Amino acid sequence: MKDQNLIAQSFARLIAEGRHILQQAGWDGHEYHRFPALNDYYRFRTESMNLIRRSCGEDSDHYRELKRIAEKRETSTNSYYFVHCFGVLGAAQRDFEAGMLFDMRALITAEVLADFMEQAESLLEAGYYVPAASLAGAVLEDTLRKLCDKQSIPIPATTKIDCLNAELAKAGVYDKLVQKRITALADIRNNADHGYFEKFKMADVEDMVKWIRGFAADYLK
């Protein structure tokens, strides 16, 4: 909630600043009395891109439009397009306030999970595939828990991978093939945690880490 409040405040500040610059330029809704200063255009566009990237993501239509304006030769140094940037920022703000953009908590979760997956990959590279399996399994369990929360699925009292996996599959979040794959990965994690090292190999853990990374990216986006 704190992050969302900060984003909302940043939108409000930039919108107010943009409106002030347009007033100074004599914008009447159709044309300028004089074009906004180039330094105001560059700064406002850059700050808007940074804010939209953080709040909407680099794949959003809002961000891509500002990026196009910033990179295109005829628009990048022409402050006439200030009002276009202002309009894109306003559209992004409205979508954010309407809850149409990504969940900030989901982004933070994805970043944290990615950090843990990088640690698992580092362990693998050093040959420590058993702790890598345990760590990757913990990430998978937490991913399933977050996925239940995202889909408004009641989290079982026993939040083990198998229970979470069963609830998500029953709700149709993913198909039986994905459920079966997760069950197999849970077995690797359990074997690593309980010392049954002969039941899996380093190659199994490499596949495990790669699959979990892709699964988290697909389902927590």
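Heavy-atom basis, side chains included; hydrogens, waters and symmetry copies ignored. The structure displayed is predicted, hence computed values, not measured ones.
No donor-acceptor contact under 3.5 angstrom links the side chains of His33 and Asp28, judged on distance only. Thr183 and Asn165 form a side-chain donor-acceptor contact under 3.5 Å, judged by distance and modelled atom types alone.
We find the CD-CD distance between Glu125 and Glu206 to be 9.5 Å, quoted to the nearest 0.5 Å. From Tyr63, atom OH reaches atom CD1 of Ile52 across 9.5 Å, with rounding to the nearest 0.5 Å. Taking CG of Leu66 as the reference point, atom CZ of Arg53 lies at 12.5 Å (rounded to 0.5 Å). For the atom pair NZ of Lys72 and CG of Asn78, the computed distance is 12.0 Å after rounding to the nearest 0.5 Å. A distance of 9.0 Å separates CE in Met117 from CG in Leu124, rounded to the nearest 0.5 Å. Note that NZ of Lys160 and SG of Cys163 are 9.0 Å apart. Values are rounded to the nearest 0.5 Å.
Arg45 places no side-chain N or O within donor-acceptor distance of the main-chain N or O of Phe86, the cut-off being under 3.5 Å. Remark: side-chain polar atoms of Arg19 are not paired, donor with acceptor, to backbone N or O of Leu14 under 3.5 angstrom. Not a single donor-acceptor pair under 3.5 Å links the side chain of Tyr174 to the backbone N or O of Leu168. For Asp204 (side chain) and Lys201 (main-chain N/O), a donor-acceptor pair under 3.5 Å exists by modelled atom type. The backbone N or O of Ala16 sits nowhere less than 3.5 Å from a side-chain atom of His20 that would complete a donor-acceptor pair. With Lys210 contributing its side chain and Val205 its backbone, the two residues share no donor-acceptor pair below 3.5 Å.
Ring geometry for Tyr32 against Trp27 counts as tilted: the plane angle lies between 30° and 60°, on a 0 to 90° scale. The aromatic rings of Phe200 and Phe197 lie perpendicular to each other, with more than 60° between the two planes, well past the 30° mark.
With a 4.5 Å cut-off on side-chain heavy atoms, Trp211 and Ile182 count as touching. For the pair Ser76 and Ile69, the minimum side-chain heavy-atom distance is 4.5 Å or more. Contact check for Glu121 versus Arg213: side-chain heavy atoms found under the 4.5 Å cut-off. Taking the side chain as every heavy atom from C-beta outward, Tyr196 and Asp187 never approach each other to under 4.5 Å. Using a 4.5 Å heavy-atom cutoff, the side chains of Phe35 and Tyr41 are not in contact. Taking the side chain as every heavy atom from C-beta outward, Pro36 and Ser79 approach each other to under 4.5 Å. At a threshold of 4.5 Å between non-hydrogen side-chain atoms, the residues Gln93 and Leu51 do not count as touching. Using a 4.5 Å heavy-atom cutoff, the side chains of Tyr80 and Thr75 are not in contact.
Looking at Asp193 and Arg189, a side-chain N of the basic residue comes within less than 4.0 Å of a carboxylate O on the acidic one, giving a salt bridge. Salt-bridge annotation for Arg64 and Asp61: present, with a side-chain N of the basic residue lying under 4.0 Å from a carboxylate O of the acidic one. Under 4.0 Å is where a charged nitrogen must lie from a carboxylate oxygen, and between Arg13 and Glu17 at least one such pair does.
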Next item on the list: Report the C-alpha distance between Leu135 and Tyr128 in whole Å, list the side-chain angles of each, state the deciding distance to 0.1 Å, and finish with yes or no for side chain to side chain contact (heavy atoms under 4.5 Å, CB included).
Entry: CA-CA 11 Å; Leu135 182 56; Tyr128 300 113; over 6 Å; no
Next item on the list: Please lay out, stage by stage, how Asp142 and Lys146 fare under the test salt bridge (charged side-chain N to carboxylate O under 4.0 Å, His left out).
Entry: CA-CA 6 Å; Asp142 196 58; Lys146 294 295 189 297; 3.2 Å; yes
Notebook entry, point to check: Which is it for Ile161 and Leu185 under the side chain to side chain contact (heavy atoms under 4.5 Å, CB included) test, yes or no, and what are the steps along the way?
Noted result: CA-CA 9 Å; Ile161 290 179; Leu185 297 181; over 6 Å; no
Next item on the list: Determine, step by step, whether Thr143 and Tyr219 satisfy the side chain to side chain contact (heavy atoms under 4.5 Å, CB included) criterion, reporting the C-alpha distance in whole Å, the side-chain angles of both residues, the deciding distance to 0.1 Å, and the verdict.
Entry: CA-CA 9 Å; Thr143 299; Tyr219 284 90; 5.7 Å; no
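Phe82 approaches Asp40 most closely through the heavy-atom pair CE1-O, 4.0 Å. Between Ala132 and Ala120, the shortest heavy-atom distance links the atoms CB-O, 3.6 Å. Taking all atoms of both residues into account, the shortest heavy-atom contact from Ala70 to Met49 is CB-SD, 4.0 Å. Taking every heavy atom of both residues into account, Ala136 and Val209 meet most closely at CB-CG2, 4.0 Å.
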